[in-house]
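Some notes on the structure that comes next.
All values below were derived from every heavy atom in this structure, side-chain atoms included, with hydrogens, water molecules and symmetry-related copies excluded. Please read these numbers as outputs of a predicted model, since none were measured by experiment.
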Amino acid sequence: MVDGEAPTAVHASGRAPEKASEPTERPTASPRQRWLVLAVVSGGLLLCGVDLTVLHVAVPSMSRDLRPGAAQLLWIVDVYSLALAALLVTCGTLGDRVGRRRMVLSGFFVFGLASAVCAFSTSTAQLVAARAALGAGAAMIMASTVAIIRVVFTDDRERALAIGVWTSAHSVGATVGPLVGGLVTERWGWGAVFLVNVPVVVLLLAVGAHVVPESRNPVPRRWDLASAVLSVTGLAGVVYALKQAGEHTGVNTAVLVTALGGTALLYVFVRRQRRLAEPLLDVSLFAARRFTTATLCVIGCFGSYVALLFFLTQWLQQVSGYSPLHAGLSLMPLAAANAVGAITAPRAAHRCGNRWALAGALLLFAAAYAVLALVGDAAHYGMLLVPLLGAGYGAGIVMTLGADSLMSAARPERSGEAAAIQETSFELGAGLGVAVLGTVLAAVYRTGMPAVAGLDPDERAAAEESFAAAERLATHLPSDTAAAVLHAAAQAYDRGFTAVAVIAAAVLAVTAFMAAFLLRPRTAEERAAER
């Protein structure tokens, strides 16, 4: 809650209830059926969380097999979260119309099929397309599960408990993803990190088909195809331009045109939402400074957190030679501190007020990134432990209180629209964090590669493409030259990670000051204007 205002009913990830006035069918369910439904939807959310981070530790071994370029690697990693973010609102609206049970079960099918395609992909393009389909399946699952819970659990106390379990499933999945990825990759290879989804999905489909009741909104909102196309293509254009920018020196015309085209489509999307009586995304909520500020805090924090998970796993494996399992285990203090931060966030808000607790947590996260930039050494894990604990704890508080601030900034009758924007903010933050900071790392790596004697221009260009490309090149060089190439690549990657840490620290510091000064309680004039 914002200082001086009543708390909003939000659970740990901040997803709020739909509007109480929204009409919906409420099929009756036995106690056993209710908890089986919860097991199905929570299991689906657990898988969605795992797949957000499970690939991180498998990237080096995957890169050796598929040989993606720097921009292609970023697409592989975060096209999942970007597709999920782009389709969440659309899938939620469609689920209200065609039936939430149908939407969730279809999502499980798409998720399982896409997982199998990911596991057996033999090219970068195939894996990117399969990961996008995986994100679409996850959006279908996530968009309707909480609505199903509210339909099935009619008792307020049971519903609160069910939503708490449902929420923690996604957080637990994202937290254990790197560890699961490390265990599976080391034993069976990178493709197996996707294949483990298949038997779980089959089980969820079998049980869900029998226990999940169908429900839909008798008065569904209109689904606008043009708005969906504008938002997805506009976002894709901007992100594509960001990723490609890291592979080019100077201004590239194609990249610039794509960026401007994507921006123009997003502008048209916003204009269209303002004119529609039933917009796909209610952008008028962003007219409130507190709502916009809270949304930016959530995007900045979650984007920085997921990026830290991703780049740390690469840094530890590529610079220090950690195994996938060792890298996954090394992230557990970060994940544990994140869980502690989420649990203790309400206490921090009670003692300091939501606004100051949020601002302080953002500053703590920024300071942790700054320490990593200044003294972080991948060869000495002990030097990383304290900043990792600080980063995890600060991010845990921000994810909880930032979501609460976002929801409390919206009027109660608009909580449904605010919740949709909030869920999208988390996933969009994850995708943009890796996209933007990954582009920075790729550019710094390419330009910061030290000169290595004995390389011709083509070999140097190959070494500058990515660390994995430098490793492949080293296998065809004399031992002394190969060692020099790997040492230069490690130095370049280390510089890239430092640049990423500095930028992330700056972004988090800016959001901390925004939270402190812009999340103040509404004035009497603002309250009167909102009535």
Side-chain angles (χ1 to χ4, degrees), residues 51-52 55-56 59 62-63 66-90 114 117-118 121 123-136 138-139 226-270 281 299-300 302-303 306-307 310-311 314 424-447 464-466 468-469 496 500 503 507:
D51 273 76
L52 184 64
L55 186 60
H56 291 181
V59 163
M62 179 206 67
S63 297
L66 299 185
R67 302 187 176 187
Q72 291 175 320
L73 178 59
L74 294 179
W75 274 114
I76 291 172
V77 172
D78 65 356
V79 70
Y80 169 80
S81 55
L82 290 171
L84 205 169
L87 296 173
L88 261 174
V89 176
T90 293
V117 175
C118 285
S121 293
S123 69
T124 297
Q126 186 179 4
L127 183 55
V128 169
R131 284 276 286 171
L134 198 66
S227 294
V229 172
L230 283 170
S231 62
V232 172
T233 53
L235 181 63
V238 172
V239 174
Y240 176 82
L242 282 172
K243 294 177 186 296
Q244 292 299 317
E247 290 196 340
H248 300 281
T249 302
V251 178
N252 182 276
T253 303
V255 171
L256 183 61
V257 169
T258 304
L260 292 175
T263 303
L265 289 174
L266 291 178
Y267 175 76
V268 173
F269 168 77
V270 172
L281 188 67
I299 290 175
F302 199 60
V306 173
F310 174 60
F311 295 122
Q314 312 317 303
T424 302
S425 297
F426 274 99
E427 303 303 331
L428 186 61
L432 289 179
V434 174
V436 175
L437 296 178
T439 297
V440 171
L441 192 147
V444 173
Y445 175 88
R446 189 186 70 250
T447 58
E464 290 176 348
E465 183 180 339
S466 66
V500 163
I503 292 174
V507 169

If you look at every heavy atom in [X] and [Y], which pair is closest and at what distance?
| X | Y | value |
| --- | --- | --- |
| L84 | A139 | O-CB, 3.8 Å |
| S81 | A430 | OG-C, 3.8 Å |
| E427 | L88 | CG-CD1, 4.1 Å |
| I76 | P68 | CD1-CB, 4.1 Å |
| A138 | Y80 | CB-OH, 3.5 Å |
| H56 | V306 | CE1-O, 3.8 Å |

Apply ring-ring contact (aromatic ring centres under 6.0 Å, His included) to F269 and list each qualifying residue two or more places apart in sequence or on a separate chain.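 By the ring-ring contact (aromatic ring centres under 6.0 Å, His included) rule, F269 matches no residue at all.
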Output the distance between atom [atom1] ([X]) and atom [atom2] ([Y]), rounded to the nearest 0.5 Å.
| X | Y | atom1 | atom2 | answer |
| --- | --- | --- | --- | --- |
| D51 | L134 | CG | CG | 5.0 Å |
| L127 | L55 | CG | CG | 7.0 Å |
| L235 | L428 | CG | CG | 6.0 Å |
| R67 | E465 | CZ | CD | 10.5 Å |

Output, in order, the C-alpha distance, side-chain angles, deciding distance and verdict of side-chain contact (heavy atoms from CB on, under 4.5 Å) for V59 and F310. CA-CA 9 Å; V59 163; F310 174 60; 3.8 Å; yes
Taking only residues two or more places apart in sequence, or in another chain, which ones meet D78 in a salt bridge (Lys or Arg N to Asp or Glu O under 4.0 Å)?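 D78: salt bridge (Lys or Arg N to Asp or Glu O under 4.0 Å) contacts with K243.
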Kindly say whether A241 contributes a backbone atom to a donor-acceptor pair with the side chain of T258 at under 3.5 angstrom?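 Checked: no pair found.
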Between the main-chain N or O of C118 and the side-chain N or O of R131, is there a donor-acceptor pair closer than 3.5 Å?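 No.
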